[in-house]
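Both backbone and side-chain heavy atoms feed into the values below; hydrogens, waters and symmetry mates do not. Because the structure is predicted, anything quoted here is derived from the model rather than measured.
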Amino acid sequence: KLGQDVVIGAYAYVGGDVTLGNGCVVHHHATVDGYTQLGPQCEVFPYAFIGGRTQDLKARPGKPGLKVGARNTFREYVSVHLGTQEGEWTILGDDNVLLAYSHIAHDCVIGNHLVISSHSAVAGHVHVGDHVNIGWNAGIHQFCRIGDHAMVAACSKCVQDVPPFVIADGNPCETKMINAVGLKRSGFTDEEIATAKLMHRIFYRDGLNTTQAIGNSSAVFLSASTQVRYNGSGTPPELTVRLVDTSGETGTSSVSTGGRLDASVNGGSTSTTTGPTPRTGALTSPLPSWSARCRCSRTYASMWVDGTPS
């Protein structure tokens, strides 16, 4: 089934069960086969093989499929395989770019905006998030998951899951750092990138077990940004911004000292730096209404109005 404005080059092969969306281009000597559905404006370059039968030895006769979204690019000699069994699918989202000789195996679920470099291979049943970059000659083991905005470096051997927002590298592949450049290009703010870096330090650099790291990260999420407003009449209540250093306190998450709190009320501001004991900074406003915001790093921050937590 061919949509409108489809272009098929000389000596290309399009199988009888294939659906090509509007505006697809299949270049000369390219192959689209099997129960394959390509969304609009996909481009298949010469000698690519899209919709080939799975190499999984468990495959049985049937009609597994391949679903591909819009605006995907398959460069020369790329191969993407069908699912394994009847009713199973390999799925690609939108705006993915697969460079020459790369491979997507059976039953994978690929998100949007993937860039996979030449000679890289993704084994069966792998799930890949959005805005992922897989470097040259990397290998992804079957059933692994790669989170959103992650990058797998060139020549990496990835045998475990890769968390979102990180760069993973090595043989075997390990989480190395936050993908700061990729996050910046994707529109994340400096504050959001700083929070991601803090999460990475808590989980991978502070020597904590999983329970301890989750506890510390929960405090960070609570304190990343807090805002309160008062729009009543008469004398406004006093606003107190309280910065608490929780390191070493019984029953609380252990967070490193040296954090910084920045708070403002109607343009007035204060800055407090943690020490060995909790610090409190107070801000008051003479106006009948006010808006306040506080931000902190490496510590737990809270805002209090007349002695009551906001």
Side-chain angles (χ1 to χ4, degrees), residues 34-37 48-69 72 74 77-99 101-179 182 199-200 203-204 209-211 213-214:
Y35 188 30
T36 297
Q37 301 172 6
F49 188 7
I50 310 304
R53 182 179 176 181
T54 175
Q55 298 176 126
D56 191 337
L57 299 181
K58 297 188 300 294
R60 295 294 180 267
K63 198 175 182 180
L66 167 64
K67 292 182 181 179
V68 178
N72 291 276
F74 305 93
Y77 294 98
V78 164
S79 58
V80 182
H81 286 173
L82 305 168
T84 302
Q85 308 291 358
E86 178 83 31
E88 296 179 347
W89 297 81
T90 303
I91 299 174
L92 279 72
D94 301 331
D95 300 295
N96 299 297
V97 179
L98 287 71
L99 301 187
Y101 295 95
S102 60
H103 172 67
I104 303 294
H106 59 91
D107 302 288
C108 287
V109 178
I110 309 297
N112 306 311
H113 300 281
L114 165 71
V115 177
I116 179 170
S117 295
S118 300
H119 300 87
S120 295
V122 178
H125 301 279
V126 169
H127 284 220
V128 178
D130 296 336
H131 297 277
V132 171
N133 192 314
I134 298 177
W136 177 84
N137 202 36
I140 314 299
H141 193 276
Q142 58 261 36
F143 293 100
C144 284
R145 292 173 177 264
I146 301 178
D148 295 345
H149 298 278
M151 178 176 181
V152 178
C155 299
S156 293
K157 174 188 173 184
C158 184
V159 297
Q160 292 182 318
D161 294 350
V162 176
F165 313 125
V166 304
I167 294 176
D169 187 17
N171 183 357
C173 191
E174 296 179 347
T175 297
K176 298 296 185 181
M177 64 189 74
I178 289 298
N179 185 16
M199 291 295 100
H200 179 266
F203 278 89
Y204 293 98
N209 62 35
T210 302
T211 301
I214 291 174

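- Annotation: side chain to side chain donor-acceptor pair (under 3.5 Å) contacts of H125 (sequence neighbours excluded): none.
- Here F203 pairs with nothing under the ring pair (Phe, Tyr, Trp, His ring centres under 6.0 Å) rule; sequence neighbours left out.
- Across L66 and G51, no two heavy atoms sit closer than the pair CD2-N, 3.7 Å.
- For residues 48-62, the pairs satisfying side chain to side chain donor-acceptor pair (under 3.5 Å) are D56-K58, with sequence neighbours left out.
- In terms of heavy atoms, H103 sits closest to S79 at ND1-OG, 2.7 Å.
- Across every non-hydrogen atom of H149 and N179, the tightest pair is O-ND2, 3.1 Å.
- Residues satisfying the ring pair (Phe, Tyr, Trp, His ring centres under 6.0 Å) criterion with Y77, sequence neighbours excluded, are Y47, Y101.
- Within the 4.5 Å cutoff, side-chain heavy atoms of I178 are placed close to those of V166.
- Take N96 and apply the side chain to side chain contact (heavy atoms under 4.5 Å, CB included) test, not counting sequence neighbours, and it matches N72, L92, L98, I110, L114.
- Between A168 and S156, the closest heavy-atom pair is O-OG, 3.9 Å.
- Atom-to-atom distance recorded for T84:OG1 and L57:CG is 10.5 Å, nearest 0.5 angstrom.
- Checked by atom type and distance alone, the side chain of D107 never pairs as donor or acceptor with a backbone atom of E88 at under 3.5 Å.
- Listed by first and then second residue, the salt bridge (Lys or Arg N to Asp or Glu O under 4.0 Å) pairs involving residues 163-174 are E174-K176 (not counting sequence neighbours).
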Output side-chain donor-acceptor pairs under 3.5 Å for residues 126-144, partner residues at least two apart or in another chain, one line each.
residue: D130; atom: OD1; partner: N112; partner atom: N; Å: 2.8
residue: W136; atom: NE1; partner: H119; partner atom: ND1; Å: 3.2

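- Here the closest heavy-atom approach between residue A123 and residue C108 is recorded as O-SG, 3.0 Å.
- The local environment of CD in Q160 is sparse, with at most 12 non-hydrogen atoms from other residues, nucleotides or ligands closer than 6.0 Å.
- Scanning for side chain to side chain donor-acceptor pair (under 3.5 Å) contacts around T36 gives an empty result, with sequence neighbours left out.
- Applying the side chain to side chain contact (heavy atoms under 4.5 Å, CB included) criterion to Y35, with sequence neighbours excluded, gives D17, Q37, K63, W89.
- Judged as a side chain to side chain contact (heavy atoms under 4.5 Å, CB included), and not counting sequence neighbours, the contacts of L99 are R75, V97, S117, S118.
- Under the side chain to side chain donor-acceptor pair (under 3.5 Å) criterion, H81 pairs with no residue at all, not counting sequence neighbours.
- In terms of the side chain to side chain contact (heavy atoms under 4.5 Å, CB included) criterion, P164 has no residue partners (sequence neighbours excluded).
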